[in-house]
Amino acid sequence: MSNRFRVGIGYDIHRFTEGRRLILGGVDVPHSRGLAGHSDADVVLHAVTDAALGAAGLPDIGELFPDTDPAYKDADSRRLLTDALERIQAKGFAPGNVDLIIHAEAPRLSPYKRAIAESIATLMGVAPDTISVKAKTNEGLGPVGSAEAIACTAVALLEQTEL
Ligand code: MG
């Protein structure tokens, strides 16, 4: 079987906290609370970055950018994705498509899905229609359902461009 196409999966969850901006996929989403984390807590970019790293067979986001490292305190997660993409491209892979689900009870994300897709597409250097953003509630169940947290699941496809 050819290894020309490689798929990876990423998942992340961050809890809500007071006094922080809510940043999803590099987009500022107006909300009463933001997400807690060592970096900017962009749960969407973390899941996408892990999916892409996984597809390339690279170490995961926690290994590459440890949350114990002061260098990543309040880090812009766009920088983490860009750094990961450089490592991915150095292995001869180019990004294909990304499909992702944001699990959030609040805020309502449908007005921001397009902006999030465009933001990720710009970061990855791909066409916006190759980034699919879905938003789902958790039907009131669990930490996502009680609006204690936002989670994200992402799948990324890479194509080997150099063999
Ligand atoms: Mg994270």
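Counting starts at 1 for both ligands and their atoms, following the listed order.
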Identify, with sequence neighbours excluded, every residue that meets ring pair (Phe, Tyr, Trp, His ring centres under 6.0 Å) alongside F65. Y72

Quick one, R87 with D83, criterion salt bridge (Lys or Arg N to Asp or Glu O under 4.0 Å). Give me CA distance, side-chain angles, the key distance, then yes/no. CA-CA 7 Å; R87 295 167 194 255; D83 183 310; 2.7 Å; yes

Within one Ile-Leu-Val-Met-Phe-Trp-Tyr cluster: L158 and F5, side-chain cutoff 4.5 Å: no

Is there any ring pair (Phe, Tyr, Trp, His ring centres under 6.0 Å) pair reaching into residues 35-55, and which pairs are they, with sequence neighbours excluded? H14-H46

Would you list the pairs meeting ring pair (Phe, Tyr, Trp, His ring centres under 6.0 Å) in which at least one residue belongs to residues 86-139, sequence neighbours left out? none

When you check the space around the Mg ion (ligand 1), which protein N, O or S atoms turn up under 2.8 Å? D12 OD2, H14 NE2, H46 ND1

Quick one: do K134 and D99 make a salt bridge, cutoff under 4.0 Å? yes

